Amino acid sequence: MPIQAKKLSIHTGAEILKFDMAQPLDSASLRELESIFHERGMLVFHNQSMTEDQHVAFSRNFGDLEIHVLKQYLQPGHPEILLISNVVEDGKAVGVKDAGHYWHTDLSYLKIPSRCSILYAKEIPAPDGERTYGDTCFVNTAAAFEALDEQMQEKLLTLHAVHDYQGRYSKLQQANPGRADLTEEQKKQVPPVVHPVVRTHPFTGRKCIYVNEGFTTSIVGMPQQESDELLQFLYAHCTQEKFMYRHKWQVGDVLMWDNCTTQHLAIADYELPQRRLLHRTTLTGSAVF
Ligand code: SIN
């Protein structure tokens, strides 16, 4: 039976209907799902029930899995699963509390960044009537590039930018001094890297703006003020409402997003005793061009 999908906003997202992620995926269905995924940039699956092995097995359909540098937040027995959570047990944070509270694409700070991420909601703050908490917003950066005038597109196509995880980590430590220092070993895994400001999607060939507030620190060879101004312009341009889909989570939702053609932001508007716990797998990507 063909996969049924429903668009979620003009440029971003599709909901996949009547789909059980715990079941093995045949190659025709995989191709169909990938084609919807590449066109829409992110997928939503509701009411899923997967074991950790099934989450990992579904993810492997799309490539190899990353093991995150923050080893203390990997799921015991399943190092491919990163825990994102504000829950504290026995005085210890069970997951990354402040993951993605800024616009970013996952792992853009690696030389070979991630292809996509698959995030599974285990606990979500209860809504208060219509008001939900801990939503996640997505924008389509290919649509954002295509909306720029030709002169700006041509300029951006000549530029490269620095992405730096340690720069972001220092900012997170200032906001949350409880965050442990990165070890020398961790620092070695995440040196600053340089990527084109506009990257070509490896499957669709679309041009995508590839700088983000989370990890990009400067444009190579540009005076700092000019670089800051251009980056601020691009962040504001990409994150306009017209390119956006905002997801209101329910337990059992799984979101899968493309880390080339989307950026996302997790809204930090909840606090304990409102608990939020999600399991994320992150797929290895390919060289940026
Ligand atoms: C992330 O950036 O991967 C976290 C997203 C979320 O917690 O909604």
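These numbers come from a predicted model, not from an experiment. Every number for a ligand or one of its atoms is a count from 1 in the order of the listing.
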Between H160 and H195, does the side-chain hydrogen bond (donor to acceptor under 3.5 Å, both in side chains) criterion hold? Intermediate values first, please. CA-CA 6 Å; H160 287 73; H195 293 306; over 6 Å; no
Check the pair T105, Q263 against side-chain hydrogen bond (donor to acceptor under 3.5 Å, both in side chains), reporting the backbone distance first and the verdict last.
CA-CA 5 Å; T105 55; Q263 293 189 12; over 6 Å; no
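Relative ring orientation between H55 and Y120 is described as perpendicular, the plane-to-plane angle rising above 60° on a 0-90° scale split at 30° and 60°.
Judged purely by atom type and a 3.5 angstrom limit, Q232 has no side-chain atom pairing as donor or acceptor with the backbone of E229. For H201 (side chain) and H38 (main-chain N/O), no donor-acceptor pair under 3.5 Å exists by modelled atom type.
Applying the 4.0 Å criterion to heavy atoms of A266 picks out, from ligand 1, the atoms 5 (C), 6 (C), 7 (O), 8 (O). Of all the atoms in ligand 1, the ones that sit under 4.0 Å from a non-hydrogen atom of G100 are 2 (O). Under a 4.0 Å criterion applied to the non-hydrogen atoms of L119, ligand 1 contributes the atoms 5 (C), 6 (C), 8 (O).
Residue contacts with ligand 1: W257 is placed with no nitrogen or oxygen under 3.5 Å of a nitrogen or oxygen of the ligand (distance criterion only).
By the 4.0 Å heavy-atom criterion, H104 is counted among the residues contacting ligand 1.
Annotation: atom 4 (C) of ligand 1 to nearest protein heavy atom, I84 CD1, 3.7 Å. Remark: minimum distance from atom 8 (O) of ligand 1 to any protein heavy atom is reached at T136 OG1, 2.6 Å. Protein heavy atom in closest approach to atom 1 (C) of ligand 1: H264 NE2, 3.5 Å. Remark: minimum distance from atom 7 (O) of ligand 1 to any protein heavy atom is reached at R276 NH1, 2.9 Å. Counting only heavy atoms of the protein, atom 3 (O) of ligand 1 lies nearest to R280 NH1, 2.8 Å.
In this structure, W257 has its ring center closer than 6.0 angstrom to the ring center of F138.
Under a cutoff of 6.0 Å and an axis angle of 45°, R168 and Y102 form a cation-pi pair.
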